[in-house]
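Beneath this line is the structure, given in structure tokens, with notes to follow.
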There are 2 protein chains.
Amino acid sequence: MLHASYSTQRAPGLAKAKRTLKWQRDPEGMRLRILEAAKQEFSAHGLAGARVDRIAAKAGANKRMLYYHVGNKDELYLAVLEGAYDKIRSEERGLDLEHLDPPEAIRRLIEFTWNYFLRNPEFLSLLQTENLARAKHLKKSTKVKSMHSPFVEMIRTVVRRGVESGDFQVAVDPVQLYISIAALSFFYLSNSATLSVIFGRDLLDKKAKDERLAHMSGLVLAALTGRSAELLEIVKAPKSRGAVVQTV
Amino acid sequence: MLHASYSTQRAPGLAKAKRTLKWQRDPEGMRLRILEAAKQEFSAHGLAGARVDRIAAKAGANKRMLYYHVGNKDELYLAVLEGAYDKIRSEERGLDLEHLDPPEAIRRLIEFTWNYFLRNPEFLSLLQTENLARAKHLKKSTKVKSMHSPFVEMIRTVVRRGVESGDFQVAVDPVQLYISIAALSFFYLSNSATLSVIFGRDLLDKKAKDERLAHMSGLVLAALTGRSAELLEIVKAPKSRGAVVQTV
DNA sequence: ACAGTATTTATCCAACGGGTTAATTTCTCC
DNA sequence: GGAGAAATTAACCCGTTGGATAAATACTGT
């Protein structure tokens with residue numbers, strides 16, 4: 001596949017059996033490189049903005065290869081999307097929330113979500129793109145629908161345990177809770193470009209990110225447990241009487 | 001501009017002065033119709049997916065008109081974006097949060113934000129699109145940057161009053177707070193298509209929307225005031241001991 | 001070693017899309 | 001009532017892009 005030609009031994013023992021190959025077969029590797037390149041391209045430019053030729057070039061391949069190994073632009077896009085969901089849900093399964101103290105489990109879910117979004121900005125872009133298309137492609141996927149009920153049950157169990165132990169004062173709907181947790185990170189990061197412009201401050205520098213994580217954890221845990229002061233990232237207020245002030 | 005021809009009086013008193021005009025002049029109206037059509041098109045298809053010809057058709061105009069009255073595709077897009085920010089910030093100024101009890105002010109801001117996003121789905125799409133472009137266009141705008149500091153100050157004042165009155169237990173950063181409030185509504189609505197698919201339930205039916213608003217208000221106000229049980233939309237739990245359960 | 005198949009390259013093309021040019025029509029003001 | 005400006009229409013240009021076709025090259029089993 002690589003355009004650079006190279007030498008190889010045709011068979012051991014043949015003295016002058018070296019040949020210059022124009023390309024090498026590697027269907028699996030090619031497919032992976034195509035999907036990776038497509039992920040980059042679709043997340044960077046959206047569905048309509050993505051260019052099939054750029055994907056091919058980035059994959060070190062020929063445009064024809066995309067159609068050969070995956071399919072047309074839409075099928076390629078759906079494959080990328082399914083892969084993205086698969087990856088995050090699979091990492092989430094490793095969180096092991098069942099064996100944590102409920103408040104700790106929620107905190108861990110928040111931190112994981114935040115860090116996952118930070119580490120995988122293409123995931124955010126892909127979801128944005130797909131939502132702009134009103135999930136037209138995702139609806140065709142059979143795989144994706146099934147991966148989410150275990151995840152919801154995991155959260156439901158944590159909430160129930162928290163209520164039973166007295167840590168949580170309310171038994172919120174796990175879907176609402178997860179949507180809220182995802183929302184707090186997702187919106188901040190996916191909209192950081194416009195937010196940084198309108199509020200005139202860089203929301204992605206280290207300090208801002210640390211503050212955001214503290215704010216989100218504080219908000220959710222304070223709401224669940226009813227202990228605002230303990231949970232919000234705080235600092236002694238210089239002039240407000242008795243209340244605490246969140247950093248900046 | 002309308003393709004349908006019609007009759008008109010050339011001048012009063014001329015008996016047979018009726019003429020069939022092929023089109024009528026209306027520069028201001030044309031500009032408005034172009035911007036409205038462009039808003040629809042850009043929000044429905046994104047920047048790259050939007051079609052200049054479709055915008056023209058929807059505006060009852062000719063493609064050439066867009067360039068004549070507004071500019072090229074990018075300038076058209078920026079004009080739409082600026083108009084969108086202008087509209088929401090202008091409506092927010094009418095909220096009059098200064099004269100409300102602090103918890104009531106926050107609740108009102110949450111409800112306004114939620115309802116505004118519900119009433120103006122194109123606003124959400126436009127922001128998503130612009131963020132996918134990393135705010136490339138918005139950065140060129142001088143108008144937009146200035147409209148936001150009064151808004152932040154408005155929230156800052158509410159928070160300060162809430163802390164001083166003892167209603168709020170923490171003085172959160174107003175920017176963080178607003179981002180969180182916007183996030184809870186924005187993500188739910190802008191991602192409702194994919195979320196509905198993966199969680200297998202319609203997040204936009206009436207019941208779901210009511211529950212969402214209750215959840216968001218409860219979450220934020222509980223965190224600020226520390227009174228979870230009072231503020232979350234609740235229902236007596238059938239089997240959990242003493243705790244309250246959010247509907248569904 | 002070689003026939004048959006899998007994989008990759010090299011071109012081609014028709015449709016599309018943003019933008020431009022030039023001609024046409026309406027309006028305004030004297 | 002007519003000249004010049006403003007607004008609008010109609011037709012065209014040309015690079016881009018997704019997709020297709022055909023030929024070339026590498027690998028596999030026998």
Side-chain angles (χ1 to χ4, degrees), chain A residues 1-11 13-14 17-34 37-38 41-42 45-78, chain B residues 1-14 17-34 37-38 41-42 45-78 137:
Chain A
M1 63 325 184
L2 294 176
H3 287 172
S5 45
Y6 61 97
S7 307
T8 187
Q9 306 276 117
R10 183 109 177 131
L14 278 176
K18 293 192 179 196
R19 268 191 62 209
T20 297
L21 294 180
K22 289 184 180 169
W23 46 270
Q24 187 185 6
R25 286 191 181 183
D26 182 16
E28 304 85 9
M30 179 61 94
R31 186 183 154 89
L32 287 180
R33 268 174 299 129
I34 288 172
E41 178 73 9
F42 283 125
H45 303 283
L47 181 49
R51 292 294 165 254
V52 175
D53 285 298
R54 277 202 297 253
I55 296 175
K58 219 173 298 183
N62 185 295
K63 182 165 54 169
R64 179 68 180 77
M65 295 282 83
L66 312 192
Y67 297 91
Y68 184 78
H69 287 286
V70 187
N72 67 18
K73 194 181 183 183
D74 273 18
E75 294 171 300
L76 190 50
Y77 169 77
L78 180 57
Chain B
M1 64 326 187
L2 294 176
H3 287 173
S5 43
Y6 61 98
S7 306
T8 188
Q9 306 276 117
R10 184 106 178 133
L14 279 176
K18 292 192 180 198
R19 269 191 63 211
T20 296
L21 294 181
K22 291 184 181 168
W23 46 270
Q24 188 184 7
R25 284 192 183 185
D26 182 15
E28 304 84 10
M30 178 61 94
R31 186 183 153 89
L32 288 180
R33 268 175 299 130
I34 287 171
E41 177 74 10
F42 283 126
H45 302 284
L47 181 50
R51 293 293 165 256
V52 174
D53 285 297
R54 277 201 297 253
I55 296 175
K58 218 171 299 181
N62 185 293
K63 181 166 57 168
R64 180 67 180 80
M65 294 284 81
L66 313 192
Y67 297 90
Y68 185 78
H69 287 286
V70 187
N72 67 18
K73 194 181 183 184
D74 272 18
E75 293 170 301
L76 189 51
Y77 169 76
L78 180 57
H137 312 84

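We name chains A, B, ... by the order of the sequence lines, and we start the count at 1 in each one.
Among dC27(C), dG19(C), dG18(D), the nucleotide with an atom closest to any side-chain atom of Y67(A) is dG18(D). Nearest to the side-chain atoms of Y68(A) among the listed nucleotides dT7(C), dG19(C), dC27(D) stands dT7(C). In this structure, the nucleotide among dA6(C), dT9(C), dT9(D) sitting nearest to the side chain of N62(A) is dT9(C). Relative to the side chain of M30(B), the nucleotides dT8(D), dT9(C), dG19(C) differ in distance, and dT8(D) lies closest. You'll find that the side chain of P27(B) is closest to dA7(D), out of dA7(D), dT7(C), dT17(D). Nearest to the side-chain atoms of V52(A) among the listed nucleotides dT8(D), dA10(C), dG18(D) stands dG18(D). Distances from the side chain of D53(A) to the nucleotides dT26(C), dT7(C), dG18(D) place dG18(D) closest.
Counting only distance, with no hydrogens or angles, the side chain of K73(A) and the backbone of R51(A) share no donor-acceptor pair below 3.5 Å.
At the heavy-atom level, R51(A) lies under 4.0 Å from the strands shown only through sugar-phosphate atoms. Residue A50(A) is in sugar-phosphate contact alone, with no base atom involved, counting any heavy-atom pair closer than 4.0 Å across all strands shown.
Within the 4.5 Å cutoff, no side-chain heavy atoms of R31(A) are placed close to those of E28(A). Side-chain atoms of I34(B) and L76(B), non-hydrogen and from C-beta on, do get closer than 4.5 Å to each other. You'll find the side chain of L66(B) stays beyond 4.5 Å of the side chain of N72(B), heavy atoms only. A 4.5 Å side-chain heavy-atom check between N62(A) and Y68(A) finds every atom pair outside the cut-off.
If you take CD1 of I34(A) and C1' of dT8(C), they are 11 Å apart, rounded to a whole angstrom. In this structure, the CD atom of E28(B) is 13 Å from the C1' atom of dC27(C), given to the nearest Å. As a whole-Å value, the separation of M65(B) CE from dT21(C) C1' is 13 Å. Atom CD in E41(B) sits roughly 10 Å away from atom P in dG17(C) (whole-Å rounding). Protein atom CD1 of I55(B) is 8 Å distant from nucleotide atom P of dG18(C), rounded to whole Å. Per the geometry, CD belonging to Q24(A) stands 14 Å off C1' belonging to dA6(C), to the nearest Å. Distance, K63(A) NZ to dT9(C) C1': 13 Å, rounded to whole Å. Spacing between atom CG of N72(A) and atom C1' of dA20(D) amounts to 13 Å, rounded to whole angstrom units.
Side-chain N/O atoms of R64(B) and base N/O atoms of dT21(C) include a donor-acceptor pair closer than 3.5 Å. In terms of polar N and O atoms assigned as donor or acceptor, the side chain of K73(A) never comes within less than 3.5 Å of the base of dG19(D) in a complementary pairing.
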Could you go through E41(B) and K58(B), starting from their C-alpha distance and side-chain angles, then the distance that decides it, and tell me whether this counts as salt bridge (Lys or Arg N to Asp or Glu O under 4.0 Å)? CA-CA 9 Å; E41(B) 177 74 10; K58(B) 218 171 299 181; 3.2 Å; yes
Output, in order, the C-alpha distance, side-chain angles, deciding distance and verdict of side-chain contact (heavy atoms from CB on, under 4.5 Å) for R33(B) and D26(B). CA-CA 10 Å; R33(B) 268 175 299 130; D26(B) 182 15; 4.0 Å; yes
Pair F42(B), H45(B) - check side-chain contact (heavy atoms from CB on, under 4.5 Å), show working. CA-CA 5 Å; F42(B) 283 126; H45(B) 302 284; over 6 Å; no
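For the helix from dA1(C)-dT30(D) to dC30(C)-dG1(D), the end axes, each set by the C1' atoms of five terminal pairs, are bent relative to each other by 10° (nearest 10°).
In this structure, H69(B) reaches the dT8(D) phosphate: one of its side-chain N or O atoms is under 4.0 Å from OP1 or OP2.
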